[in-house]
2 protein chains.
Amino acid sequence: MAIHKKEAFSKKEQDLAEFAKALAHPARIAILKVLAQHNECICGEIVDLLPLAQSTVSQHLKELKSAGLINGVVDGPRSCYCINWKAFEKFNAEFSFLFNHLKLTKMQSCC
Amino acid sequence: MAIHKKEAFSKKEQDLAEFAKALAHPARIAILKVLAQHNECICGEIVDLLPLAQSTVSQHLKELKSAGLINGVVDGPRSCYCINWKAFEKFNAEFSFLFNHLKLTKMQSCC
DNA sequence: TATATTAATCGTATATTTGCGATATAAAAT
DNA sequence: ATTTTATATCGCAAATATACGATTAATATA
């Protein structure tokens, strides 16, 4: 019954959905903003800026990382994160492509 | 304990996350594709094109609609759906804005 | 009016996500 | 060597999401 059927869709659809899922939480959007503003890589500073516990932030960072949107390197006793621009750009392009593809088909809508 | 803290973030962050969440499933990406290809509005035709039960598709349509990405009107005994281009465009712009805002801050990354 | 047809909703089972405290790990400082 | 500092991971509780069959609702059509 409740088997998830993601495998039944195309790779592109799955990839796009996974990318969207990584962005599908305000905390993760906020983390990306922080990483961009402080253009040097940031670690637990994020914890101070977000209204979440350290373990929760760490978990969100892990999700962003496993989705490929950020990179993280160990820097002594701390971890340094930054945005993976290439992946971000790639997904942005893919998203724009989908959007434009849809858009060019027809602007007319019946409802 | 497990109270979701979405309210603790800004409206823009919440809106973007909600938009992303609507796209965060391959079935919903696929539905948008179908709605774009058949530029006339489509109802249960989607069910025939997706590997999902009618009730499941209906649920995904409801989510896309409540996120504002599609419109739906009752047309006799059937429902006609189409993409809400305005909302889509607005979210695309907001997403691009975030992306560009981030991008312009600095291309350099330390990791 | 009875009966298809179409789609939404309900109920339910299961899976996943979110969040936090507690604990573990690992490097730096004392 | 011990302690501090910074971060990841574990374990758990609660909330959400996913999926489907069954039912309901609403409109056509016979």
Side-chain angles (χ1 to χ4, degrees), chain A residues 1-9 13-14 17-31 34-35 38 40-67 70-82 111, chain B residues 1-9 13-14 17-31 34-35 41-67 70-82 111:
Chain A
M1 291 81 199
I3 297 153
H4 281 212
K5 291 199 153 182
K6 299 182 180 170
E7 336 77 43
F9 297 91
E13 286 161 350
Q14 288 182 55
E18 201 187 351
F19 172 64
K21 189 148 82 176
L23 295 172
H25 195 289
R28 292 194 286 273
I29 300 273
I31 287 173
V34 170
L35 285 181
H38 307 57
E40 78 274 14
C41 299
I42 292 167
C43 44
E45 211 174 339
I46 300 167
V47 175
D48 296 332
L49 294 171
L50 298 195
L52 295 172
Q54 179 267 320
S55 58
T56 307
V57 171
S58 192
Q59 210 168 342
H60 281 304
L61 285 167
K62 189 181 174 186
E63 280 169 68
L64 284 169
K65 193 177 173 187
S66 79
I70 63 174
N71 294 124
V73 293
V74 176
D75 172 26
R78 65 204 80 201
S79 280
C80 176
Y81 289 99
C82 60
C111 55
Chain B
M1 295 82 196
I3 298 152
H4 281 212
K5 292 200 153 181
K6 298 182 181 169
E7 337 76 42
F9 297 91
E13 286 161 349
Q14 288 181 56
E18 201 188 352
F19 171 65
K21 189 149 81 177
L23 295 172
H25 195 290
R28 292 193 287 272
I29 300 273
I31 287 174
V34 170
L35 285 181
C41 299
I42 292 165
C43 44
E45 210 175 338
I46 300 167
V47 175
D48 296 332
L49 294 171
L50 297 196
L52 296 171
Q54 179 267 321
S55 58
T56 306
V57 171
S58 193
Q59 211 168 342
H60 281 304
L61 285 168
K62 189 182 175 185
E63 281 168 68
L64 284 170
K65 193 178 174 187
S66 78
I70 63 173
N71 294 125
V73 293
V74 176
D75 173 26
R78 66 204 80 202
S79 280
C80 176
Y81 288 99
C82 60
C111 56

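Throughout, a chain's letter reflects where its sequence line sits, starting with A, and its residues are numbered from 1. Computed from a prediction, not measured in an experiment: that's the story for all the values here.
- Under 4.0 angstrom from either OP1 or OP2 of C:dC20 there lies at least one side-chain N or O belonging to A:T56.
- Taking every side-chain heavy atom of B:K62 into account, C:dT9 is the closest of D:dT7, C:dT5, C:dT9.
- When the P atom of D:dT7 is taken as reference, atom CG of A:L52 falls 15 Å away, rounded to whole Å.
- Proximity note for A:Q54 (side chain, C-beta onward) versus C:dA27, D:dT7, D:dA15: the nearest is D:dT7.
- For the pair A:R28 and C:dT18, the criterion of a side-chain N or O lying under 4.0 Å from OP1 or OP2 is met.
- The side chain of A:H25 has C:dT18 as its nearest neighbour among D:dT18, C:dT6, C:dT18.
- D:dA26 atom C1' lies 13 Å from atom CG of B:D75, rounded to whole Å.
- Within the 4.0 Å cut-off from OP1 or OP2 of C:dT17, not a single side-chain nitrogen or oxygen of B:K21 is found.
- B:S79 comes within contact range of the sugar-phosphate backbone alone, with a heavy-atom separation under 4.0 Å but no base atom that close.
- Nearest to the side-chain atoms of B:S55 among the listed nucleotides D:dT9, C:dT9, D:dA28 stands C:dT9.
- Between A:Y81 and D:dA8 there is a side-chain polar atom (N or O) within less than 4.0 angstrom of OP1 or OP2.
- Residues A:Q59 and A:K62 are not in side-chain contact: their nearest non-hydrogen atoms beyond the backbone lie 4.5 Å or more apart.
- Taken to the nearest 0.5 Å, the NE2 atom of A:H38 stands 10.5 Å off from the SG atom of A:C43.
- The nearest pair of heavy atoms linking A:K21 to A:R28 is O-NH2, 3.2 Å.
- When the P atom of C:dA15 is taken as reference, atom NZ of A:K5 falls 15 Å away, rounded to whole Å.
- Using a 4.5 Å heavy-atom cutoff, the side chains of A:F19 and B:L23 are not in contact.
- Put simply, the side chain of A:F9 reaches to within 4.5 Å of the side chain of B:L52, judged on heavy atoms.
- OP1 or OP2 of D:dA8 has at least one side-chain nitrogen or oxygen of A:S58 nearer than 4.0 Å.
- When heavy atoms are screened at a 4.0 angstrom cut-off, B:K65 is found touching no nucleic acid atom at all.
- Residue A:R78 is the one, among A:R78 and A:K6, whose nearest nucleotide of DNA chain D lies closer to the 5' end (criterion: closest heavy atom).
- Separating the CD atom of A:Q59 from the P atom of C:dT17 is a distance of 10 Å, rounded to the nearest angstrom.
- Using a 4.0 Å heavy-atom cutoff across all strands shown, B:L61 reaches no nucleic acid atom at all.
- Atom pair A:L50:CG and C:dG19:P shows a separation of 11 Å (rounding to whole Å applied).
- Exactly one residue among A:C80, A:C82, A:S79 makes a side chain to side chain contact (heavy atoms under 4.5 Å, CB included) with A:V73. That residue is A:C80.
- The residue among A:P51 and A:V74 whose nearest nucleotide of DNA chain C is located toward the 5' end is A:P51.
- Nucleic acid contact class of B:E63 (heavy atoms, under 4.0 Å, all strands): sugar-phosphate only.
- The interatomic distance linking A:F9 (CZ) with D:dT18 (P) rounds to 11 Å, in whole Å.
- Put simply, NE2 on B:H4 is 10 Å from P on C:dC20, counting in whole angstrom units.
- At the phosphate of D:dA17, neither OP1 nor OP2 sits under 4.0 Å from any side-chain N or O atom of B:H60.
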